Amino acid sequence: MAYTKSHYLEPLAEIFPTIGRATTEIINLQSVLNLPKGTEHFLSDIHGEYEAFSHVLRNGSGAVRKKIDDVFGHTLGTNEKIALASLIYYPKERMELIKDTESDMENWYRVSLYRLIEVCKVLSSKYTREKLRRALPRDYAYVIEELITEKPEVLDKKAYYDSIVDTIIEIGCAENFIVTLSRLIQHLVIDHLHIIGDIYDRGSGSHFIMDRLCSYHSLDIQWGNHDVVWMGAASGQTACIAAVVRNSLLCGNYDTLEDGYGISLMPLARFALEVYSEDPCSQFKIRGKAKERSAEVGLAMRMHKAIAVIQFKLDGQLEEEYPEFGMEDRRLLHKMDLKKGTVEIDGREYELLDRNFPTIDPENPYELTEGEKAVIKKLQSAFVHCEKLQRHIQLLLKKGGLYKIYNGNLLYHGCVPMNEDGSFREVSVGGKKYKGRMLYDVLESYVRKAFVSLSDKEKKFGRDIMWFLWNGPDSPLFGRSKMANFERYFVKEEETHREVKNPYYSFMDDTEAAERILKEFGLESDNSHIINGHVPVHQKEGESPVKCGGKLLVIDGGFSKQYRSVTGIAGYTLIYNSYGLMLTAHEPFESKEKAVSDCSDIVSRRVAVEHTARRISIGDTDEGARIKMRIADLKSLIDAYRKGIIQEHDD
């Protein structure tokens with residue numbers, strides 16, 4: 001036993017070679033446990049809306065403005081607080097405007113620096129000196145630490161700080177310091193960021209969002225179905241590639257592909273012009289592009305139809321290959337009678353709105369033509385070899401997963417598949433059946449295998465699992481009976497467009513169901529919650545984002561412009577700090593230009609607050625549990641030193 005303990009503690013002894021060093025570390029760690037927990041920020045279903053996303057990160061869902069109120073109270077007027085908040089959000093842009101109207105910039109620099117320093121002092125008080133230093137930019141770390149750290153040994157503090165600020169202004173570094181302090185405030189106000197899925201599609205700024213996340217200081221990502229389909233496309237899965245391109249054309253955001261990732265759609269454009277030159281493709285409208293030049297829109301509509309037909313063929317091949325996915329009813333190409341102009345769906349015949357399918361062979365409707373094969377092959381090569389896209393997908397793999405358990409809360413994008421009676425639904429994956437947490441775990445393992453397995457067979461199945469996660473009826477990310485794209489394009493009758501939600505969604509106001517899910521994932525605390533995205537909350541119709549007696553919080557409120565007409569808002573965000581949970585509803589973000597020029601902010605209002613009985617400390621968190629384990633190990637090391645099992649030594 002002594003040997004085992006010695007063997008285990010020897011690496012720790014290399015870091016803490018004496019009883020004194022180990023004791024000091026225990027005292028430091030013990031003090032950290034008593035600090036307030038850091039602020040967690042939850043965002044969901046961003047869908048490419050980069051400007052709104054960027055602003056919410058900058059203002060911390062109102063946390064920056066609240067901190068300004070806490071620091072200055074009634075000593076600053078409302079307009080001054082608004083101006084200071086805007087400076088923190090957009091320091092460079094605001095200063096360019098200020099210089100056009102301010103006659104005494106030196107005094108403005110001085111006042112702004114002092115105000116930013118005061119905000120930084122308050123924010124930094126909840127962090128350890130070591131953590132604060134990691135957040136400081138290297139160039140100005142020493143000076144900023146001097147400015148925001150209380151120095152009891154300095155008798156004339158005002159003169160001390162005045163001399164530093166005066167020197168900053170005198171040597172022409174005021175603007176750099178204002179930018180640096182503003183970014184530090186944005187960093188300190190949010191300790192950790194959670195993205196609850198669906199970064200991609202609909203809006204045109206998904207690649208900008210991913211760039212921003214690549215440099216964010218602390219985050220995790222729960223994959224949404226719109227993220228997983230991009231992951232599948234990046235792995236070379238052809239049905240996922242077709243889905244990504246079709247979505248991009250449908251939403252008119254193909255700039256993300258061409259400008260953001262350098263993926264050329266020219267092969268598809270040439271093919272579409274060749275095959276559908278005389279076809280108006282009227283069923284394949286492009287959202288938001290009606291006012292653009294008709295020639296461009298006409299080409300996009302032809303490309304849209306071309307890739308949609310390719311997608312239906314590729315989907316049909318997979319639906320036949322994997323009967324366990326339960327998607328046989330999605331194979332509709334062979335049920336079309338092109339002579340009659342009809343299609344059979346669920347045993348009933350419907351008239352087709354479009355009858356021109358020159359690339360579909362009625363005898364073998366799911367086989368790609370040579371032209372379609374050439375298009376998809378070129379697109380596949382572009383996706384697989386796009387360095388920027390691959391870097392973004394690696395971030396999703398490194399920081400992401402299908403679910404996350406964090407500080408007693410369960411985070412996932414979609415649903416836990418259920419049966420009508422509320423029991424967890426068994427889903428067949430690779431010939432075995434899984435449900436609940438095990439289903440999540442096995443699906444995530446296959447996604448990762450698509451990128452890292454040495455087995456070609458496992459890699460292929462992993463790629464195809466991403467396609468299943470995108471649109472499978474039992475996918476925990478999709479959670480609907482079908483994705484009715486075919487029907488929406490080609491059938492007028494709206495009953496065929498209906499996508500039935502998984503029974504999970506009928507239990508969203510059932511507290512016992514939420515508790516069963518939490519227990520399934522190992523959480524049984526009264527303070528645990530499910531944080532859910534994916535399905536927009538129709539606040540306009542009186543729906544509440546707080547479900548199951550507060551056990552479940554749905555934070556998809558409509559970041560995407562597409563949903564605002566039904567949600568009535570522009571997204572929910574959730575803040576979890578040392579005082580509890582705060583759910584906030586946001587009005588639409590006008591523009592960065594308006595935010596800079598008019599100091600406008602996103603109008604936000606708290607829709608739910610859950611205060612804790614006592615302030616939550618780091619000792620109550622997952623980080624606190626790790627620190628306590630470290631303290632226990634250090635105590636064992638000290639005991640080993642005192643018993644002579646391990647010898648103290650010099651550094």
Side-chain angles (χ1 to χ4, degrees), residues 36-47 49 52-67 186 189-199 209 213 216 218-222 224 400 403-415 508 514 517-518 523 525 527-539 543-560 563 567-587 589 601-612 616 620-622:
K37 81 173 283 296
T39 298
E40 299 170 52
H41 194 190
F42 300 76
L43 304 178
S44 173
D45 297 83
I46 304 158
H47 283 302
E49 298 292 345
F53 164 79
S54 177
H55 189 81
V56 167
L57 280 196
R58 291 169 189 267
N59 78 356
S61 286
V64 169
R65 180 60 196 276
K66 183 179 183 305
K67 195 56 63 177
Q186 292 178 30
V189 80
I190 299 299
D191 188 53
H192 188 83
L193 175 66
H194 304 284
I195 304 292
I196 318 293
D198 279 0
I199 296 165
I209 295 169
L213 293 178
Y216 202 79
S218 181
L219 82 153
D220 56 67
I221 302 167
Q222 287 67 64
Y403 70 95
K404 182 81 173 177
I405 298 169
Y406 196 98
N407 286 340
N409 293 317
L410 173 61
L411 287 53
Y412 55 73
H413 177 70
C415 69
M508 283 191 120
I517 293 170
L518 288 167
L523 296 170
S525 166
N527 298 320
S528 293
H529 307 80
I530 299 168
I531 317 295
N532 207 161
H534 189 49
V535 177
V537 175
H538 293 204
Q539 191 199 54
E543 184 181 3
S544 171
V546 182
K547 312 284 187 181
C548 298
K551 281 289 181 183
L552 190 154
L553 301 171
V554 182
I555 63 169
D556 179 6
F559 245 105
S560 174
Y563 288 130
T567 61
I569 56 170
Y572 290 108
T573 57
L574 180 68
I575 291 289
Y576 182 30
N577 61 22
S578 58
Y579 295 101
L581 289 161
M582 284 161 282
L583 187 65
T584 303
H586 301 284
E587 296 300 315
F589 180 62
D601 204 345
I602 291 181
V603 178
S604 305
R605 55 187 175 79
R606 292 180 182 175
V607 295
V609 178
E610 182 179 299
H611 287 301
T612 57
I616 306 168
D620 302 315
T621 67
D622 295 345

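Since this is a predicted model, take the numbers as computed values, not measurements. FYI, side chains are in, hydrogens and waters are out, and symmetry mates aren't considered; it's all heavy atoms of this structure.
- Across all their heavy atoms, I531 and I196 have their closest contact at O-CG2, 4.0 Å.
- The shortest distance between side-chain heavy atoms of V546 and E610 does not fall below 4.5 Å.
- N532 places a side-chain N or O within 3.5 Å of a backbone atom of G414 that can act as its donor or acceptor partner.
- In this structure, I195 and Y216 have side chains that are not in contact, with every pair of non-hydrogen atoms separated by 4.5 Å or more.
- When all heavy atoms of G580 and T612 are compared, the closest pair comes out as CA-CG2, 4.0 Å.
- Contact annotation: the side chain of Y576 approaches that of I616 to within less than 4.5 Å [non-hydrogen atoms, C-beta and beyond].
- The two residues L411 and N409 make their nearest non-hydrogen contact at CD1-O, 3.6 Å.
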Problem set entry | side chain to side chain contact (heavy atoms under 4.5 Å, CB included) between D45 and H413, worked out | CA-CA 9 Å; D45 297 83; H413 177 70; 3.2 Å; yes
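- Ring orientation note: the planes of Y406 and H192 are close to parallel, at an angle under 30° on the 30°/60° scale.
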Exercise. Can H534 and C415 be said to form a side chain to side chain contact (heavy atoms under 4.5 Å, CB included), step by step?
Worked result: CA-CA 9 Å; H534 189 49; C415 69; over 6 Å; no
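- Of all heavy-atom pairs spanning S44 and G533, the tightest one is OG-CA, 3.4 Å.
- Contacts of D620 classified as salt bridge (Lys or Arg N to Asp or Glu O under 4.0 Å), with partners at least two apart in sequence or in another chain: R614.
- Annotation: the span from F42 atom CZ to D220 atom CG amounts to 8.0 Å, rounded to 0.5 Å.
- In this structure, OG in S578 is found 11.0 Å from CG in D191, a value given to the nearest 0.5 Å.
- For the atom pair NE2 of H194 and OG of S218, the computed distance is 8.0 Å after rounding to the nearest 0.5 Å.
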Problem set entry | Full working for side chain to side chain contact (heavy atoms under 4.5 Å, CB included) between L581 and L553 | CA-CA 10 Å; L581 289 161; L553 301 171; 4.3 Å; yes
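- When every heavy atom of V189 is checked against every heavy atom of A63, the shortest pair comes out as CG2-CB, 3.5 Å.
- Between the CD atom in E49 and the OG atom in S54 there is a gap of 12.5 Å [rounded to 0.5 Å].
- Rounding to the nearest 0.5 Å gives a distance of 4.5 Å between CG of N407 and CG of D622.
- Looking at heavy atoms from C-beta onward, I530 lies in side-chain contact with Y412 at the 4.5 angstrom threshold.
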Exercise. Run the side chain to side chain contact (heavy atoms under 4.5 Å, CB included) check on L518 and K551 step by step: do they pass?
Worked result: CA-CA 9 Å; L518 288 167; K551 281 289 181 183; 4.0 Å; yes
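- The two residues L43 and I555 come nearest to each other via the heavy atoms C-CD1, 4.0 Å.
- With sequence neighbours left out, T39 forms a side chain to side chain contact (heavy atoms under 4.5 Å, CB included) with K126, I190, I575, N577.
- Atom-to-atom distance recorded for T584:OG1 and H41:NE2 is 8.0 Å, nearest 0.5 angstrom.
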